[in-house]
Amino acid sequence: MINTIKFGGSSLANAMQFQKAKDIITANPARRYVIPSAPGKRNPDDTKVTDLLYTCYARTAAGEDSSSVEALIRGRYQEIIAGLGLALDLSAEMDQIFTNLKNGYGQDYAASRGEYLNGLIMSAYLGFPFVDASEVILFDENGNFLSEETNQALKKRLGSLNTAVIPGFYGSMPDGTVKTFSRGGSDITGSLVARAVNADLYENFTDVSGFLLADPRIVDDPVSIGVITYKELHELARMGACVLHEDAIYPVKEAGIPINIRNTNSPAELGTLITSSAGQQPSHEITGIAGKKGYCTLSVRKAGFDSVQEFENTVLTILEHEKIPCESIPTSPDSISVLVPQKPYYCKEFEILSQVHSALHPDAIYLDSDLALVAIGGRGTQARDHIVKNVFSALAEAHIHIRTIDQGMTDLAMVIGVADCDFEATIRVIYNTFIRDEFVNGASTFKL
Ligand code: ASP
């Protein structure tokens with residue numbers, strides 16, 4: 001068995017968290033390839049090392065004094081090293097990093113050093129060889145990620161290593177310049193390493209016990225789901241659920257490697273397994289609730305337009321030209337409604353409306369603003385019908401007005417639009433309808 005094991009920032013925020021990570025790694029000899037993030041927050045008021053590094057870069061680039069931030073960064077790593085009792089001295093490495101920043105090294109270089117230094121500590125602590133991600137995670141000269149080249153480089157480098165620590169989040173371009181993925185990108189590194197070593201499992205250790213059915217900032221102590229498919233997760237992530245970086249799913253999905261999301265602070269819990277097919281009845285009727293605020297619907301009406309297709313294409317082309325992404329497009333023969341993110345739409349509203357007017361000469365244009373989208377995941381059409389019926393009646397009872405409905409053809413049972421100000425209440429009502437009721441009524445209300 002080969003497991004690739006990634007630890008998020010909160011799992012490596014201090015020496016005590018490092019100890020928990022080591023206990024987890026050594027508890028199973030299959031855990032051979034370790035991907036650390038940079039130290040995260042030690043408490044809610046703390047700052048992640050990556051954020052300190054971005055600040056340090058910004059101050060240095062602006063010619064301002066960055067010594068106080070440098071001291072905080074040095075302090076974070078020294079605290080970990082001392083707490084672990086390691087005979088490791090990273091001061092020369094850190095001197096070099098801050099000198100490089102003063103000599104014009106870029107923002108990505110600065111941000112990447114959080115993982116780099118944590119990787120050196122993890123390697124010393126575990127006694128596993130350190131592999132610099134710059135050697136094996138490859139981008140082209142324009143900063144585009146090179147998937148195949150990375151796979152080959154990782155295979156070659158890790159092929160001869162029985163164990164290794166590979167820092168997450170960054171790689172390099174052909175001239176050696178460091179390039180990072182977007183925020184949260186250590187998840188992607190973990191996935192790429194898992195694919196390259198043909199891992200049996202990609203374990204992703206974080207500070208929650210798996211994929212939670214709803215956002216814990218909105219619902220108190222939400223339950224987690226046992227098994228979810230890559231596709232279900234992808235749909236929910238697209239609608240705002242966050243557990244893994246979206247781009248982390250593709251490499252392992254392609255290779256058929258399951259991802260197990262687990263909790264460093266509660267390692268006995270099994271967490272959530274993400275696989276290509278769930279293969280079992282879900283433990284709950286719904287597979288997740290996710291959502292995002294800040295949407296609006298733009299509706300354009302023109303009676304008697306000959307070609308619906310042309311009508312639709314014209315509106316979509318204008319939006320595409322103005323770089324406004326569309327969420328969904330309910331259309332009738334003489335009108336089209338497009339759901340778009342409100343902020344970018346408002347920035348381009350005049351350009352869009354004038355183009356729509358001159359291209360289509362519409363009878364009317366309506367804008368329904370301040371919408372929030374809420375997606376509810378559910379498996380199978382039977383479950384979907386039941387979910388839809390229950391969502392409608394629960395929201396009506398709570399006097400929450402549904403302003404748009406999209407009954408998905410995907411792995412989401414449905415996506416509804418409600419007023420932005422009803423967003424949190426909507427999620428709580430839906431959660432309570434499907435989850436709290438299950439517990440209140442005993443075994444389950446999951447009867448179709
Ligand atoms: N440290 C980086 C961040 O804070 C990457 C990661 O944690 O995955 O975004």
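We number each residue from 1, following the sequence as shown. Just the heavy atoms: all of them, side chains too, but no hydrogens, waters or symmetry mates, feed the values below. Just follow the structure's listing: the first ligand is 1, and inside any ligand the first atom is 1.
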For Tyr202, does the six-membered ring have the charged nitrogen or CZ of Arg195 within the cation-pi criterion, i.e. under 6.0 angstrom from the centroid and within 45° of the normal? no
Applying a strict 4.0 Å limit to heavy atoms, is Gly184 in contact with ligand 1? yes
So, 4.0 Å and heavy atoms of Gly168: is ligand 1 close enough to count as a contact? no
Positive for ring-ring contact (aromatic ring centres under 6.0 Å, His included) with Tyr116, one of Phe130, Tyr77, Phe169: Phe130
Could you tell me the residue and atom name of the protein heavy atom closest to atom 7 (O) of ligand 1, and the distance to it rounded to 0.1 Å? Ser37 OG, 3.4 Å
How far is atom 6 (C) of ligand 1 from its nearest protein heavy atom, and which residue and atom name does that atom have? Ser186 OG, 3.4 Å
For a side chain to side chain donor-acceptor pair (under 3.5 Å) with Gln152, tell me which candidate from Glu148, Lys155, Lys156 qualifies. Glu148
From the candidates Arg183, Glu115, Lys48, the one that places a heavy atom nearest atom 1 (N) of ligand 1: Glu115
More than 12 non-hydrogen atoms from neighbouring residues, nucleotides or ligands closer than 6.0 Å to CG on Asp221, yes or no? no
Say whether Lys6, considering both its backbone and side-chain N or O atoms, lies within less than 3.5 Å of an N or O atom on ligand 1. no
Check ion pair Arg183-Asp51 (N to O, under 4.0 angstrom): yes
